[in-house]
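Here is the structure we will look at.
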Amino acid sequence: MDVRVRFAPSPTGFFHIGSARTALFNWLYARHTGGKFILRIEDTDKERNSEEYLKVIYDSLKWLGMDWDEGPGVGGNYGPYLQSQRGDIYTRYVNKLLSEGKAYEKDGATWLRLEGERYTEYDDYAKAEVEKVKAAPVVIEDIIRGHVERAEDRDFVIVRSNGEPVFHLVNVIDDIEMGITHVIRGEDHLSNTSKHVLIFQALGAPVPQFAHMPLILKDPAVGKGKMSKRDKGALIEEYQTRGFLPEAVRNFLCLLGWSPKDDREKMDIAEVIRMFELTDIMKGSARFDEKKMLHLNSAYLRALPVEEFVAGAKPVLAKAGLDFAIYDEAALADALKLVQEKIFVYDDLPGYAGFFFTENYAIDEKAREKIGKKDDIPGRIAKLIPALEALNDWTDEAIQNCLHKLGESNGEKPYAFFGVLRLAVCGSGGGPELHPILRILGKERVMKRLRAFAS
RNA sequence: GGCCCCAUCGUCUAGGGGACCAGGACGUCGCGUUCUCAUCGCGAAGACUGGGGUUCGAAUCCCCAUGGGGCUGCCA
(Lines give C-alpha, C1' and ligand atoms only; values in the text may rest on other atoms or scores of the structure.)
Protein backbone atom coordinates (compact mmCIF):
# COMPACT_ATOMS: atom_id res chain seq x y z
CA MET A 1 0.00 0.00 0.00
CA ASP A 2 1.31 3.42 -0.91
CA VAL A 3 2.22 5.70 1.93
CA ARG A 4 -0.11 8.62 2.45
CA VAL A 5 0.83 11.11 5.13
CA ARG A 6 -0.63 14.45 5.99
CA PHE A 7 0.26 17.66 7.68
CA ALA A 8 -2.82 19.18 9.27
CA PRO A 9 -2.17 22.61 10.72
CA SER A 10 -4.79 24.96 11.96
CA PRO A 11 -4.53 28.53 10.72
CA THR A 12 -3.39 30.57 13.67
CA GLY A 13 -1.62 33.40 11.93
CA PHE A 14 1.87 32.12 12.62
CA PHE A 15 3.93 29.06 11.79
CA HIS A 16 5.63 27.44 14.74
CA ILE A 17 9.01 25.80 14.38
CA GLY A 18 7.52 22.63 15.86
CA SER A 19 4.86 22.59 13.16
CA ALA A 20 7.55 23.12 10.58
CA ARG A 21 9.42 20.09 11.85
CA THR A 22 6.28 17.96 11.95
CA ALA A 23 5.53 18.98 8.39
CA LEU A 24 9.12 18.31 7.40
CA PHE A 25 9.22 14.81 8.85
CA ASN A 26 5.95 13.96 7.13
CA TRP A 27 7.28 15.37 3.89
CA LEU A 28 10.57 13.52 4.23
CA TYR A 29 8.78 10.27 4.84
CA ALA A 30 6.53 10.76 1.83
CA ARG A 31 9.47 11.60 -0.40
CA HIS A 32 11.55 8.76 1.01
CA THR A 33 8.85 6.19 0.35
CA GLY A 34 7.55 7.67 -2.85
CA GLY A 35 4.21 8.24 -1.13
CA LYS A 36 1.91 11.25 -1.00
CA PHE A 37 2.24 14.29 1.23
CA ILE A 38 -1.14 15.85 1.86
CA LEU A 39 -1.88 19.27 3.26
CA ARG A 40 -5.14 19.55 5.12
CA ILE A 41 -6.28 22.64 6.92
CA GLU A 42 -7.94 22.11 10.29
CA ASP A 43 -10.05 25.21 10.42
CA THR A 44 -13.06 23.80 12.25
CA ASP A 45 -12.64 26.35 14.97
CA LYS A 46 -14.33 29.32 13.35
CA GLU A 47 -12.23 31.71 15.40
CA ARG A 48 -9.17 30.61 13.53
CA ASN A 49 -10.13 31.10 9.98
CA SER A 50 -8.99 33.71 7.55
CA GLU A 51 -7.30 33.91 4.19
CA GLU A 52 -4.44 35.81 5.75
CA TYR A 53 -3.80 33.00 8.18
CA LEU A 54 -3.91 30.35 5.49
CA LYS A 55 -1.34 32.23 3.49
CA VAL A 56 1.10 32.04 6.39
CA ILE A 57 0.93 28.26 6.22
CA TYR A 58 1.34 28.04 2.46
CA ASP A 59 4.17 30.56 2.39
CA SER A 60 6.09 28.93 5.21
CA LEU A 61 5.87 25.48 3.67
CA LYS A 62 6.93 26.80 0.29
CA TRP A 63 9.76 28.81 1.81
CA LEU A 64 11.11 25.67 3.43
CA GLY A 65 10.86 23.85 0.14
CA MET A 66 8.03 21.50 1.05
CA ASP A 67 5.61 20.85 -1.77
CA TRP A 68 2.35 19.01 -1.19
CA ASP A 69 0.84 16.47 -3.53
CA GLU A 70 -2.74 17.06 -2.48
CA GLY A 71 -4.34 19.97 -0.73
CA PRO A 72 -5.26 23.61 -1.19
CA GLY A 73 -3.97 25.02 -4.43
CA VAL A 74 -3.10 21.67 -5.98
CA GLY A 75 -6.33 19.71 -5.53
CA GLY A 76 -6.57 15.94 -5.35
CA ASN A 77 -9.17 13.21 -5.30
CA TYR A 78 -9.87 13.33 -1.59
CA GLY A 79 -10.94 16.93 -1.17
CA PRO A 80 -12.05 19.34 -0.07
CA TYR A 81 -8.89 19.86 1.94
CA LEU A 82 -10.29 22.53 4.23
CA GLN A 83 -12.22 21.09 7.13
CA SER A 84 -14.58 24.01 7.11
CA GLN A 85 -15.89 22.66 3.79
CA ARG A 86 -16.35 19.10 4.96
CA GLY A 87 -19.29 19.52 7.30
CA ASP A 88 -21.58 17.12 5.40
CA ILE A 89 -19.06 14.34 5.65
CA TYR A 90 -18.83 14.72 9.41
CA THR A 91 -22.58 14.75 9.80
CA ARG A 92 -22.85 11.54 7.84
CA TYR A 93 -20.35 9.78 10.09
CA VAL A 94 -21.94 11.11 13.27
CA ASN A 95 -25.35 9.87 12.15
CA LYS A 96 -23.84 6.47 11.56
CA LEU A 97 -22.43 6.36 15.08
CA LEU A 98 -25.75 7.58 16.49
CA SER A 99 -27.84 5.04 14.62
CA GLU A 100 -25.53 2.23 15.66
CA GLY A 101 -25.77 3.29 19.27
CA LYS A 102 -22.05 3.98 19.49
CA ALA A 103 -22.71 7.61 20.26
CA TYR A 104 -25.49 9.37 22.12
CA GLU A 105 -26.77 12.87 22.72
CA LYS A 106 -26.64 14.58 26.10
CA ASP A 107 -26.78 18.26 27.05
CA GLY A 108 -27.15 19.06 23.35
CA ALA A 109 -23.77 17.56 22.54
CA THR A 110 -22.92 14.19 20.98
CA TRP A 111 -20.78 11.81 23.02
CA LEU A 112 -18.88 8.69 22.10
CA ARG A 113 -19.92 5.77 24.29
CA LEU A 114 -17.18 3.74 25.94
CA GLU A 115 -17.64 0.01 26.48
CA GLY A 116 -17.27 -1.17 30.06
CA GLU A 117 -18.58 -1.20 33.57
CA ARG A 118 -19.76 2.21 34.83
CA TYR A 119 -19.09 3.73 38.23
CA THR A 120 -18.99 7.12 39.87
CA GLU A 121 -15.89 8.68 41.32
CA TYR A 122 -14.69 12.01 42.64
CA ASP A 123 -12.30 13.48 40.10
CA ASP A 124 -9.67 15.67 41.66
CA TYR A 125 -8.91 17.48 38.45
CA ALA A 126 -12.52 18.20 37.54
CA LYS A 127 -13.26 18.82 41.24
CA ALA A 128 -16.51 16.94 40.89
CA GLU A 129 -18.19 13.57 41.07
CA VAL A 130 -18.06 12.06 37.58
CA GLU A 131 -19.24 8.96 35.81
CA LYS A 132 -16.37 6.79 34.74
CA VAL A 133 -16.03 3.63 32.67
CA LYS A 134 -13.77 0.68 33.24
CA ALA A 135 -12.81 0.41 29.58
CA ALA A 136 -10.19 -1.87 28.13
CA PRO A 137 -6.92 -0.04 27.46
CA VAL A 138 -6.27 1.04 23.91
CA VAL A 139 -3.08 -0.44 22.54
CA ILE A 140 -0.89 1.58 20.22
CA GLU A 141 2.17 0.19 18.49
CA ASP A 142 3.90 3.47 17.86
CA ILE A 143 6.69 3.47 15.30
CA ILE A 144 8.83 5.73 17.43
CA ARG A 145 7.71 4.88 20.94
CA GLY A 146 6.89 1.23 20.66
CA HIS A 147 4.11 -0.38 22.65
CA VAL A 148 1.89 2.14 24.44
CA GLU A 149 -1.28 1.39 26.35
CA ARG A 150 -3.74 3.89 27.64
CA ALA A 151 -7.32 3.54 28.83
CA GLU A 152 -9.93 6.22 28.40
CA ASP A 153 -12.18 6.35 31.42
CA ARG A 154 -14.97 8.72 30.39
CA ASP A 155 -17.28 9.13 27.43
CA PHE A 156 -16.16 12.15 25.47
CA VAL A 157 -17.74 14.80 23.31
CA ILE A 158 -17.42 14.41 19.54
CA VAL A 159 -19.90 17.12 18.52
CA ARG A 160 -20.36 20.29 20.55
CA SER A 161 -23.77 21.52 21.56
CA ASN A 162 -23.39 24.29 18.96
CA GLY A 163 -23.20 21.60 16.27
CA GLU A 164 -19.50 21.84 15.55
CA PRO A 165 -17.61 18.56 15.54
CA VAL A 166 -14.53 18.53 17.73
CA PHE A 167 -10.94 18.04 16.63
CA HIS A 168 -10.67 14.37 17.62
CA LEU A 169 -13.63 13.43 15.45
CA VAL A 170 -12.85 15.41 12.33
CA ASN A 171 -9.21 14.50 12.50
CA VAL A 172 -10.05 10.81 12.45
CA ILE A 173 -12.78 11.08 9.83
CA ASP A 174 -10.48 13.00 7.51
CA ASP A 175 -7.71 10.49 8.00
CA ILE A 176 -10.16 7.71 7.11
CA GLU A 177 -11.55 9.56 4.10
CA MET A 178 -8.15 10.58 2.83
CA GLY A 179 -6.69 7.11 3.22
CA ILE A 180 -3.94 8.23 5.56
CA THR A 181 -1.57 5.34 6.28
CA HIS A 182 0.82 6.98 8.75
CA VAL A 183 0.00 9.62 11.30
CA ILE A 184 3.23 11.45 12.08
CA ARG A 185 2.69 14.16 14.68
CA GLY A 186 3.96 15.65 17.90
CA GLU A 187 4.09 13.73 21.14
CA ASP A 188 1.56 16.12 22.61
CA HIS A 189 -0.98 14.04 20.70
CA LEU A 190 0.08 10.74 22.18
CA SER A 191 -2.46 10.94 24.98
CA ASN A 192 -5.17 11.85 22.49
CA THR A 193 -4.42 8.81 20.41
CA SER A 194 -6.50 6.50 22.58
CA LYS A 195 -9.54 8.65 21.76
CA HIS A 196 -8.65 8.57 18.10
CA VAL A 197 -8.24 4.82 17.98
CA LEU A 198 -11.58 4.40 19.71
CA ILE A 199 -13.20 6.54 17.02
CA PHE A 200 -11.50 4.62 14.22
CA GLN A 201 -12.81 1.40 15.76
CA ALA A 202 -16.32 2.72 16.34
CA LEU A 203 -16.38 3.71 12.70
CA GLY A 204 -15.15 0.29 11.66
CA ALA A 205 -12.16 1.80 9.91
CA PRO A 206 -8.59 0.47 9.82
CA VAL A 207 -6.31 2.24 12.27
CA PRO A 208 -3.30 3.93 10.65
CA GLN A 209 0.24 3.61 11.95
CA PHE A 210 1.28 6.22 14.44
CA ALA A 211 4.63 7.90 14.89
CA HIS A 212 4.76 10.40 17.73
CA MET A 213 7.75 12.66 17.51
CA PRO A 214 9.41 14.36 20.45
CA LEU A 215 8.61 17.98 21.12
CA ILE A 216 10.93 20.94 20.82
CA LEU A 217 11.51 22.41 24.25
CA LYS A 218 12.64 25.84 25.24
CA ASP A 219 16.32 26.48 25.72
CA PRO A 220 16.76 25.80 29.47
CA ALA A 221 18.26 29.27 29.84
CA VAL A 222 14.96 30.69 28.63
CA GLY A 223 12.52 28.64 30.66
CA LYS A 224 10.69 25.37 31.02
CA GLY A 225 8.28 23.46 28.86
CA LYS A 226 7.68 23.25 25.16
CA MET A 227 8.63 26.12 22.98
CA SER A 228 5.89 28.67 22.75
CA LYS A 229 5.24 31.13 20.02
CA ARG A 230 6.61 33.91 22.18
CA ASP A 231 10.04 32.33 22.49
CA LYS A 232 12.90 33.57 20.39
CA GLY A 233 13.32 31.41 17.33
CA ALA A 234 9.88 29.85 17.61
CA LEU A 235 8.34 31.33 14.49
CA ILE A 236 9.39 30.61 10.92
CA GLU A 237 8.63 34.20 10.11
CA GLU A 238 11.56 35.21 12.27
CA TYR A 239 13.98 33.24 10.13
CA GLN A 240 12.59 34.83 7.02
CA THR A 241 12.93 38.35 8.33
CA ARG A 242 16.36 37.82 9.83
CA GLY A 243 17.70 36.58 6.54
CA PHE A 244 18.29 32.93 7.21
CA LEU A 245 18.60 30.65 4.22
CA PRO A 246 15.66 28.27 4.04
CA GLU A 247 17.96 25.36 3.21
CA ALA A 248 19.85 26.00 6.43
CA VAL A 249 16.72 26.19 8.55
CA ARG A 250 15.42 23.03 6.97
CA ASN A 251 18.74 21.27 7.51
CA PHE A 252 18.76 22.32 11.15
CA LEU A 253 15.23 21.02 11.60
CA CYS A 254 16.16 17.69 10.05
CA LEU A 255 18.83 17.29 12.70
CA LEU A 256 16.51 18.06 15.59
CA GLY A 257 15.40 14.59 16.55
CA TRP A 258 16.84 12.75 13.60
CA SER A 259 20.43 12.00 12.70
CA PRO A 260 22.20 10.34 9.77
CA LYS A 261 24.17 8.39 12.42
CA ASP A 262 27.49 9.51 11.06
CA ASP A 263 29.24 12.80 11.58
CA ARG A 264 27.53 14.69 8.81
CA GLU A 265 25.59 17.80 9.67
CA LYS A 266 25.41 20.02 6.62
CA MET A 267 23.48 17.73 4.35
CA ASP A 268 21.89 17.95 0.97
CA ILE A 269 18.15 17.45 1.28
CA ALA A 270 18.24 14.67 -1.34
CA GLU A 271 20.62 12.77 0.89
CA VAL A 272 18.35 13.28 3.92
CA ILE A 273 15.40 11.99 1.90
CA ARG A 274 17.41 8.95 0.90
CA MET A 275 18.39 8.10 4.48
CA PHE A 276 15.31 9.19 6.42
CA GLU A 277 13.53 6.54 8.48
CA LEU A 278 10.83 7.05 11.08
CA THR A 279 12.42 4.37 13.25
CA ASP A 280 15.55 6.53 13.54
CA ILE A 281 13.72 9.42 15.15
CA MET A 282 14.78 10.17 18.72
CA LYS A 283 12.43 9.51 21.58
CA GLY A 284 13.64 12.25 23.89
CA SER A 285 12.63 15.83 23.32
CA ALA A 286 15.09 18.29 21.88
CA ARG A 287 15.99 21.75 22.96
CA PHE A 288 16.25 24.61 20.57
CA ASP A 289 19.79 25.96 20.22
CA GLU A 290 19.99 29.21 18.31
CA LYS A 291 23.79 29.22 18.23
CA LYS A 292 23.87 25.97 16.33
CA MET A 293 21.23 27.22 13.93
CA LEU A 294 23.35 30.31 13.28
CA HIS A 295 26.42 28.19 12.75
CA LEU A 296 24.69 26.03 10.17
CA ASN A 297 23.35 29.08 8.43
CA SER A 298 26.79 30.63 8.19
CA ALA A 299 28.05 27.42 6.62
CA TYR A 300 25.32 27.64 3.99
CA LEU A 301 26.03 31.32 3.44
CA ARG A 302 29.70 30.63 2.85
CA ALA A 303 28.95 27.87 0.37
CA LEU A 304 26.86 30.20 -1.76
CA PRO A 305 28.24 31.38 -5.12
CA VAL A 306 29.02 35.09 -4.78
CA GLU A 307 26.29 36.13 -7.20
CA GLU A 308 23.69 34.35 -5.10
CA PHE A 309 25.08 35.82 -1.94
CA VAL A 310 24.86 39.27 -3.50
CA ALA A 311 21.32 38.66 -4.69
CA GLY A 312 20.31 37.64 -1.18
CA ALA A 313 22.09 40.59 0.36
CA LYS A 314 20.41 43.27 -1.73
CA PRO A 315 16.98 43.25 -0.07
CA VAL A 316 18.60 43.25 3.36
CA LEU A 317 20.74 46.25 2.50
CA ALA A 318 17.79 48.02 0.97
CA LYS A 319 15.70 47.41 4.05
CA ALA A 320 18.43 48.88 6.20
CA GLY A 321 18.39 51.99 4.03
CA LEU A 322 21.78 51.24 2.53
CA ASP A 323 22.24 52.25 -1.09
CA PHE A 324 24.09 49.47 -2.84
CA ALA A 325 23.40 51.03 -6.22
CA ILE A 326 26.42 53.30 -5.78
CA TYR A 327 28.47 50.31 -6.90
CA ASP A 328 28.29 48.41 -10.14
CA GLU A 329 27.68 44.67 -9.88
CA ALA A 330 31.35 43.76 -9.96
CA ALA A 331 32.30 46.20 -7.22
CA LEU A 332 29.33 45.17 -5.13
CA ALA A 333 30.35 41.54 -5.40
CA ASP A 334 33.88 42.55 -4.52
CA ALA A 335 32.74 44.27 -1.37
CA LEU A 336 30.32 41.59 -0.24
CA LYS A 337 32.78 38.81 -0.91
CA LEU A 338 34.87 40.24 1.90
CA VAL A 339 32.11 39.66 4.43
CA GLN A 340 30.45 36.56 3.05
CA GLU A 341 32.66 34.29 5.12
CA LYS A 342 32.23 36.28 8.29
CA ILE A 343 28.54 36.75 8.90
CA PHE A 344 26.06 34.28 10.34
CA VAL A 345 22.88 35.68 8.85
CA TYR A 346 22.10 38.35 6.30
CA ASP A 347 20.86 40.42 9.18
CA ASP A 348 24.46 40.86 10.31
CA LEU A 349 25.28 42.62 7.06
CA PRO A 350 24.22 46.20 7.82
CA GLY A 351 26.13 46.22 11.07
CA TYR A 352 29.18 44.49 9.70
CA ALA A 353 29.53 46.04 6.29
CA GLY A 354 27.23 49.03 6.35
CA PHE A 355 30.14 51.44 6.03
CA PHE A 356 30.51 50.41 2.39
CA PHE A 357 27.20 51.97 1.56
CA THR A 358 26.79 55.09 3.63
CA GLU A 359 28.77 58.03 4.91
CA ASN A 360 26.69 57.97 8.06
CA TYR A 361 28.35 54.92 9.54
CA ALA A 362 28.53 54.94 13.31
CA ILE A 363 31.85 55.09 15.11
CA ASP A 364 32.16 52.31 17.66
CA GLU A 365 32.98 54.30 20.78
CA LYS A 366 34.31 51.28 22.61
CA ALA A 367 36.76 50.64 19.82
CA ARG A 368 37.74 54.31 19.78
CA GLU A 369 38.44 54.15 23.48
CA LYS A 370 40.47 51.00 23.17
CA ILE A 371 42.55 52.29 20.27
CA GLY A 372 42.89 55.68 21.88
CA LYS A 373 44.59 54.11 24.88
CA LYS A 374 47.68 53.11 22.96
CA ASP A 375 47.48 55.30 19.90
CA ASP A 376 47.51 59.02 19.34
CA ILE A 377 44.44 59.00 17.09
CA PRO A 378 44.53 62.63 15.85
CA GLY A 379 48.28 62.42 15.38
CA ARG A 380 48.03 59.32 13.24
CA ILE A 381 45.18 60.73 11.19
CA ALA A 382 47.23 63.85 10.53
CA LYS A 383 49.99 61.66 9.07
CA LEU A 384 47.63 59.36 7.19
CA ILE A 385 45.93 62.12 5.25
CA PRO A 386 48.98 63.45 3.35
CA ALA A 387 50.43 59.99 2.88
CA LEU A 388 47.32 58.57 1.23
CA GLU A 389 46.63 61.82 -0.58
CA ALA A 390 50.00 61.47 -2.28
CA LEU A 391 49.13 58.00 -3.49
CA ASN A 392 48.17 57.94 -7.15
CA ASP A 393 48.07 54.22 -7.73
CA TRP A 394 45.04 53.10 -5.72
CA THR A 395 45.54 49.34 -5.64
CA ASP A 396 45.75 46.83 -2.79
CA GLU A 397 49.52 46.60 -3.16
CA ALA A 398 50.10 50.32 -3.41
CA ILE A 399 47.89 51.02 -0.43
CA GLN A 400 49.60 48.35 1.59
CA ASN A 401 53.05 49.62 0.67
CA CYS A 402 52.10 53.13 1.52
CA LEU A 403 50.75 52.16 4.94
CA HIS A 404 53.72 49.98 5.72
CA LYS A 405 56.15 52.70 4.80
CA LEU A 406 54.26 55.16 6.89
CA GLY A 407 54.47 52.89 9.91
CA GLU A 408 58.15 52.16 9.44
CA SER A 409 59.06 55.76 8.79
CA ASN A 410 57.62 56.45 12.17
CA GLY A 411 59.96 53.84 13.65
CA GLU A 412 57.09 51.46 14.32
CA LYS A 413 55.61 48.26 13.00
CA PRO A 414 54.43 48.29 9.35
CA TYR A 415 50.82 48.05 10.49
CA ALA A 416 50.96 50.71 13.18
CA PHE A 417 48.40 52.86 11.43
CA PHE A 418 45.88 50.16 10.57
CA GLY A 419 43.75 50.37 13.68
CA VAL A 420 43.21 54.09 13.54
CA LEU A 421 42.62 54.03 9.81
CA ARG A 422 40.02 51.28 10.13
CA LEU A 423 38.27 53.14 12.91
CA ALA A 424 38.10 56.32 10.85
CA VAL A 425 37.00 54.70 7.61
CA CYS A 426 34.79 51.85 8.86
CA GLY A 427 33.87 53.01 12.31
CA SER A 428 34.79 49.71 13.88
CA GLY A 429 37.61 48.01 15.68
CA GLY A 430 37.47 44.91 13.53
CA GLY A 431 36.33 43.67 10.20
CA PRO A 432 37.46 42.33 6.86
CA GLU A 433 40.87 42.97 5.36
CA LEU A 434 41.67 46.64 5.23
CA HIS A 435 43.37 47.14 1.86
CA PRO A 436 40.51 45.84 -0.23
CA ILE A 437 38.12 47.94 1.81
CA LEU A 438 40.07 51.06 1.01
CA ARG A 439 40.42 50.07 -2.61
CA ILE A 440 36.71 49.43 -3.02
CA LEU A 441 35.69 52.61 -1.23
CA GLY A 442 37.96 54.57 -3.55
CA LYS A 443 40.46 57.24 -2.76
CA GLU A 444 38.00 60.10 -2.82
CA ARG A 445 35.68 58.62 -0.22
CA VAL A 446 38.52 57.47 1.97
CA MET A 447 40.06 60.93 2.02
CA LYS A 448 36.69 62.49 2.72
CA ARG A 449 36.13 60.14 5.63
CA LEU A 450 39.56 60.79 7.08
CA ARG A 451 39.04 64.55 6.96
CA ALA A 452 35.58 64.25 8.43
CA PHE A 453 36.89 62.00 11.18
CA ALA A 454 39.71 64.45 11.95
CA SER A 455 37.34 67.32 12.59
C1' G B 1 -4.33 14.69 41.77
C1' G B 2 -4.83 10.78 37.64
C1' C B 3 -2.86 8.76 33.16
C1' C B 4 0.94 8.51 29.34
C1' C B 5 5.91 9.39 27.35
C1' C B 6 11.09 10.28 27.97
C1' A B 7 16.41 10.34 30.26
C1' U B 8 24.62 10.07 27.17
C1' C B 9 29.00 16.46 27.75
C1' G B 10 25.59 23.32 28.88
C1' U B 11 22.97 22.03 23.78
C1' C B 12 22.12 18.64 19.26
C1' U B 13 23.66 13.71 18.93
C1' A B 14 26.81 8.53 17.94
C1' G B 15 26.46 4.14 20.63
C1' G B 16 21.61 -0.90 21.38
C1' G B 17 25.64 -6.40 26.44
C1' G B 18 32.52 -6.95 25.66
C1' A B 19 35.39 -2.79 19.97
C1' C B 20 33.77 2.98 25.24
C1' C B 21 38.86 5.13 31.05
C1' A B 22 32.16 6.79 25.68
C1' G B 23 32.95 9.41 19.36
C1' G B 24 31.32 13.96 16.48
C1' A B 25 29.08 18.93 16.13
C1' C B 26 27.52 23.78 18.42
C1' G B 27 28.86 26.65 22.46
C1' U B 28 32.92 27.68 26.10
C1' C B 29 38.21 28.25 27.12
C1' G B 30 43.41 28.34 25.32
C1' C B 31 46.87 28.72 21.31
C1' G B 32 47.91 29.88 16.20
C1' U B 33 46.93 32.72 11.52
C1' U B 34 45.60 37.99 10.86
C1' C B 35 46.43 45.13 10.91
C1' U B 36 41.85 43.87 13.46
C1' C B 37 37.50 40.83 14.17
C1' A B 38 32.55 37.94 14.28
C1' U B 39 35.83 33.94 9.90
C1' C B 40 39.64 30.06 9.52
C1' G B 41 43.30 26.17 11.77
C1' C B 42 44.95 23.45 16.13
C1' G B 43 44.14 22.00 21.16
C1' A B 44 41.65 21.57 26.01
C1' A B 45 37.79 21.11 29.57
C1' G B 46 33.09 18.73 29.44
C1' A B 47 28.24 13.31 29.90
C1' C B 48 26.28 7.62 30.50
C1' U B 49 20.57 11.08 36.73
C1' G B 50 20.66 7.73 41.33
C1' G B 51 19.85 2.95 43.56
C1' G B 52 18.90 -2.05 43.05
C1' G B 53 18.90 -6.36 40.02
C1' U B 54 20.10 -9.90 35.45
C1' U B 55 25.06 -11.26 33.52
C1' C B 56 31.67 -13.64 33.60
C1' G B 57 30.73 -8.56 31.77
C1' A B 58 25.79 -2.99 31.34
C1' A B 59 25.80 3.59 28.83
C1' U B 60 23.35 -0.57 26.51
C1' C B 61 18.36 -5.45 29.40
C1' C B 62 14.69 -5.35 33.93
C1' C B 63 12.67 -2.84 38.42
C1' C B 64 12.27 1.31 41.64
C1' A B 65 13.37 6.31 42.73
C1' U B 66 14.45 11.10 40.91
C1' G B 67 14.22 14.55 37.11
C1' G B 68 11.99 16.42 32.55
C1' G B 69 7.81 16.58 29.18
C1' G B 70 2.79 15.86 27.61
C1' C B 71 -2.44 14.99 28.20
C1' U B 72 -6.36 15.40 31.56
C1' G B 73 -11.71 21.28 27.26
C1' C B 74 -18.25 21.12 24.24
C1' C B 75 -9.13 24.27 21.86
C1' A B 76 -6.45 22.17 17.85
Side-chain angles (χ1 to χ4, degrees), chain A residues 8-12 42-45 47-48 83 106-111 121-127 137 140 142 144-146 148-154 156-168 170-171 186-195 212 214-215 217 219-221 224-226 252 255-266 282-296 298 302 338-344 348 351-352 367 370-371 400 403-404 407 413-423 426 428-435:
Chain A
S10 85
T12 52
E42 306 220 329
D43 55 350
T44 37
D45 186 357
E47 307 285 303
R48 304 186 181 185
Q83 283 184 339
K106 190 182 85 181
D107 304 331
T110 308
W111 302 65
E121 189 180 74
Y122 179 78
D123 186 281
D124 194 53
Y125 192 74
K127 301 282 179 220
I140 304 147
D142 192 279
I144 297 169
R145 263 134 237 291
V148 178
E149 282 188 24
R150 186 170 185 277
E152 287 296 325
D153 64 357
R154 296 175 67 180
F156 56 91
V157 170
I158 52 175
V159 182
R160 298 185 193 105
S161 48
N162 67 3
E164 281 177 40
V166 305
F167 159 73
H168 302 302
V170 296
N171 186 271
E187 196 196 330
D188 48 347
H189 286 292
L190 187 56
S191 298
N192 292 328
T193 307
S194 42
K195 285 193 180 75
H212 285 95
L215 266 22
L217 270 29
D219 184 310
K224 299 177 95 175
K226 60 176 171 179
F252 175 77
L255 262 18
L256 216 53
W258 177 85
S259 128
K261 300 191 179 298
D262 52 32
D263 293 341
R264 280 179 295 175
E265 296 215 311
K266 182 168 179 288
M282 279 261 141
K283 288 180 174 178
S285 34
R287 268 152 231 280
F288 175 76
D289 183 0
E290 192 195 18
K291 289 270 176 57
K292 188 144 188 173
M293 168 82 259
L294 283 167
H295 169 80
L296 239 199
S298 74
R302 255 175 279 143
L338 292 176
V339 297
Q340 180 173 5
E341 304 214 331
K342 301 222 175 198
I343 62 171
F344 289 91
D348 293 339
Y352 197 65
K370 198 177 159 199
I371 293 168
Q400 180 168 359
L403 290 172
H404 283 188
K413 294 264 196 315
Y415 46 80
F417 283 79
F418 279 62
V420 172
L421 180 54
R422 179 188 295 283
L423 181 69
C426 308
S428 66
E433 256 193 294
L434 195 51
H435 320 123

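We name chains A, B, ... by the order of the sequence lines, and we start the count at 1 in each one. Because only heavy atoms are used, hydrogens play no part in the values below, and waters and symmetry mates are left out as well, while side chains stay in.
Looking at residues two or more places apart in sequence or on another chain, you find no salt bridge (charged side-chain N to carboxylate O under 4.0 Å, His left out) involving Asp348(A).
Remark: the backbone N or O of Asp188(A) is not paired with any side-chain donor or acceptor of Ser191(A) at under 3.5 angstrom.
No N or O donor and acceptor, one from the side chain of Arg145(A) and one from the base of C5(B), sit under 3.5 Å apart. Counting distance only, with no hydrogens placed and no angle test, the side-chain atoms of Lys283(A) and the base atoms of A7(B) include no donor-acceptor pair under 3.5 Å. Between the side chain of Lys342(A) and the base of C37(B), at least one donor-acceptor pair of N or O atoms lies under 3.5 Å.
Stacking of Phe417(A) onto the six-membered ring of C35(B) is not present when judged by under 5.5 angstrom between centres and under 30° between planes.
At the heavy-atom level, Tyr415(A) lies under 4.0 Å from the strands shown only through sugar-phosphate atoms. Within the nucleic acid shown, Leu434(A) comes within 4.0 Å of at least one base atom, counting heavy atoms only. Within the nucleic acid shown, Glu341(A) comes within 4.0 Å of sugar-phosphate atoms alone, with no base atom in reach, counting heavy atoms only.
Taking the six-membered ring for Trp and the full ring otherwise, Phe418(A) and His435(A) have centroids separated by under 6.0 Å.
Rounded to whole Å, the separation between the C1' atoms of A47(B) and C12(B) comes to 13 Å.
Phosphate contact (OP1/OP2 of G68(B), side-chain N/O of Lys224(A), threshold under 4.0 Å): present. At least one side-chain nitrogen or oxygen of Lys261(A) sits closer than 4.0 Å to the OP1 or OP2 atom of A14(B).
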